[in-house]
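Take a look at the structure set out below.
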Amino acid sequence: MIKLARTAPCNEPLTPHDTRYLFVLPFSTDPDLARRFLARDCEMVGNIRFGKLLETLDKVAENTALAYVHRFYPDARVVTAAVDSIVLRNPADTKHDLVFSAQINHVGKSSMEVGIRVECLGPDSSHLASCYFTMVARSTDFDEVKSLPLPPLKYENELDMKRYRKAEQRRQAYREGLAKSEEMPSLEEYLFLKKLHQEQEAEGFCGLRAGSLVLESTGRAYPEQENVPKTIFGGHLIRKAYELAALAAELVAPNRAVPRLVNRINFNQPVLLGDQLKFTARVVYTGKTTISVQSDIERFSRTDDDKALSNSCLFTFLNVDADMKPQPVSFIYPVTYAEDARFLNAYRQRVD
């Protein structure tokens, strides 16, 4: 049985400020660390591996949630259920330290929203990104994994209440988005898709078709990627998914594809040691200057015929020039019913 263990009296709920967690990537004093995060061996704006930042963000979210959960359940674990959104505001680099400031904004029955603000230190300090992770508290007693109930936070000021309400809005928007994804196209959407298919039937059509913009890779889950016992670290998986998505975006971007937004990442099934992994990245929609890429991870068990979708991700990239100014991209055309559905899902979440 898991025992309750709190650092504060049971009649005194914790505030969001009590859950704050700070983490620093000291690039300015650790050249080896800075080189590991380097995207290219040249001088350019935004020269940093965003996939490695995703990996770091997932660990920061885990540590923030774990510190809160351990106040009540010392032996519990936390897992990532979703990345609700990551909004990239300014380019980062490996010349200046990065600070990750995290706290819990919202606590549900067994889940928590962890908000993370990423800032760059130095003379040109700036707000780089706002990130929101949904974490779930889990028990592993007697090899039985179950969700653990958590006490709510106490909101003492208007800023905390504002963050709480925004977390509620994100949860509601996700539920509405799930419902909308199952809806038939509206008349306007149907006519739009019909127009795209008619254009492809025209003589001399030479547009880009979505079916030609797909990349795949495979891998195996090994012990060095383990986090929770026998389960692979979610940050490793989303880094790999992002890196393949970035390569897919480059199939369309004539200049340089940089991350603009992580629309959503869902963690549907855990990946276990020894599982075979299949990564698939598809360019599903392009706007005026943006590229939407859906990146999925399927897991296959080595011991039986178990197969499942582990992760589903939607990333938005921006095509930019050397000065980070947005540049136009070619429009892509869906052909099959599945491509229509993916196109429509990204179209409804477009940012331009």
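Owing to the predicted nature of the structure, the values given are computational and were not obtained by experimental measurement. In what follows, every heavy atom counts, from backbone to side chain, and hydrogens, waters and symmetry copies are set aside.
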Could you tell me whether a side-chain N or O of [X] sits under 3.5 Å from a main-chain N or O of [Y], the two making a donor and an acceptor?
| X | Y | result |
| --- | --- | --- |
| Asp18 | Thr15 | yes |
| Glu339 | Thr336 | yes |
| Asn90 | His127 | yes |
| Asn319 | Val329 | no |
| Thr286 | Ser330 | yes |
| Glu243 | Lys240 | no |
| Tyr73 | Pro149 | yes |
| Ser111 | Val107 | no |

Working to the nearest 0.5 Å, report the span between [atom1] of [X] and [atom2] of [Y].
| X | Y | atom1 | atom2 | answer |
| --- | --- | --- | --- | --- |
| Leu121 | Leu98 | CG | CG | 8.0 Å |
| Asp160 | Arg165 | CG | CZ | 10.5 Å |
| Lys194 | Leu187 | NZ | CG | 10.0 Å |
| Leu150 | Tyr68 | CG | OH | 6.0 Å |
| Asp93 | Leu128 | CG | CG | 8.5 Å |

Task: Worked check of side chain to side chain donor-acceptor pair (under 3.5 Å) between His236 and Asp58 - done: CA-CA 9 Å; His236 167 77; Asp58 190 68; over 6 Å; no
For a quick test of reading the model, state the closest non-hydrogen atom pair linking [X] to [Y] and the distance between them.
| X | Y | value |
| --- | --- | --- |
| Ser295 | Ala241 | OG-O, 2.9 Å |
| Ala308 | Gln269 | CB-CG, 3.7 Å |
| Leu88 | Leu261 | CD2-N, 4.2 Å |
| Ile116 | Leu57 | CD1-O, 3.6 Å |
| Leu237 | Val271 | CD1-CG2, 3.6 Å |

May I ask you to check whether [X] and [Y] show a side-chain donor-acceptor distance below 3.5 Å?
| X | Y | answer |
| --- | --- | --- |
| Ser28 | Asp97 | yes |
| Asn263 | Thr316 | yes |
| Ser312 | Asp296 | yes |
| Gln276 | Arg299 | no |
| Glu176 | Gln172 | yes |
| Asn255 | Gln327 | no |

- [ ] Give the intermediate values and the outcome of side-chain contact (heavy atoms from CB on, under 4.5 Å) for residues Ser130 and Arg89.
- [x] CA-CA 8 Å; Ser130 300; Arg89 305 185 183 280; 3.1 Å; yes
Would you indicate whether [X], at its atom [atom1], is surrounded by more than 12 heavy atoms from other residues, nucleotides or ligands within a distance under 6.0 Å?
| X | atom1 | result |
| --- | --- | --- |
| Arg35 | CZ | no |
| Arg40 | CZ | no |
| Glu188 | CD | no |
| Asn157 | CG | yes |
| Arg49 | CZ | yes |

Task: Identified side chain to side chain contact (heavy atoms under 4.5 Å, CB included) counterpart of Val69 within the set Ile104, Asp75, Val78 - done: Val78
Task: Phe315 and its side chain to side chain contact (heavy atoms under 4.5 Å, CB included) partner, picked from Ile238, Ile291, Ile86, Leu54 - done: Leu54
Open item on the list: With heavy-atom distances below 4.5 Å as the criterion, would you say the side chains of Leu25 and Leu33 are in contact?
Closed with: yes
Open item on the list: With a 4.5 Å cut-off on side-chain heavy atoms, are Leu309 and Lys278 touching?
Closed with: no
- [ ] Quick one: do Val252 and Leu213 satisfy side-chain contact (heavy atoms from CB on, under 4.5 Å)? Show the steps, please.
- [x] CA-CA 8 Å; Val252 182; Leu213 303 171; 3.8 Å; yes
Task: Presence of salt bridge, Arg163 and Glu168, under 4.0 angstrom - done: no
Task: Salt-bridge present (Lys195, Glu199; N to O < 4.0 Å) - done: yes
Open item on the list: Using a 6.0 Å distance limit plus a 45 degree cone around the ring axis, check whether Lys307 lies over the aromatic ring of Phe300.
Closed with: no
TODO: Taking the six-membered ring of Tyr174 (Phe, Tyr or Trp), confirm whether the NZ or CZ of Arg264 is under 6.0 Å from its centre and within 45° of its axis.
DONE: yes
Task: Cluster check Val118, Leu53: I/L/V/M/F/W/Y, side chain < 4.5 angstrom - done: yes
- [ ] Enumerate the residue pairs fulfilling salt bridge (charged side-chain N to carboxylate O under 4.0 Å, His left out) with a member in residues 111-121, sequence neighbours excluded, ordered by first and then second residue.
- [x] Glu113-Arg170, Arg117-Glu119
Would you please indicate if the ring centroids of [X] and [Y] are separated by under 6.0 Å?
| X | Y | result |
| --- | --- | --- |
| Tyr242 | Phe317 | yes |
| Tyr333 | Phe343 | no |
| Tyr347 | Phe192 | yes |

- [ ] Given salt bridge (Lys or Arg N to Asp or Glu O under 4.0 Å), test Glu55 with Lys59 step by step and report yes or no.
- [x] CA-CA 7 Å; Glu55 205 170 45; Lys59 195 63 180 178; over 6 Å; no
TODO: Under the salt bridge (Lys or Arg N to Asp or Glu O under 4.0 Å) rule, what do Glu250 and Arg256 come out as? Steps first, then yes or no, please.
DONE: CA-CA 7 Å; Glu250 290 179 1; Arg256 174 188 171 198; over 6 Å; no
TODO: Run the numbers on Lys95 and Glu43 for salt bridge (Lys or Arg N to Asp or Glu O under 4.0 Å), then give the verdict.
DONE: CA-CA 11 Å; Lys95 296 180 179 179; Glu43 287 291 330; 2.9 Å; yes
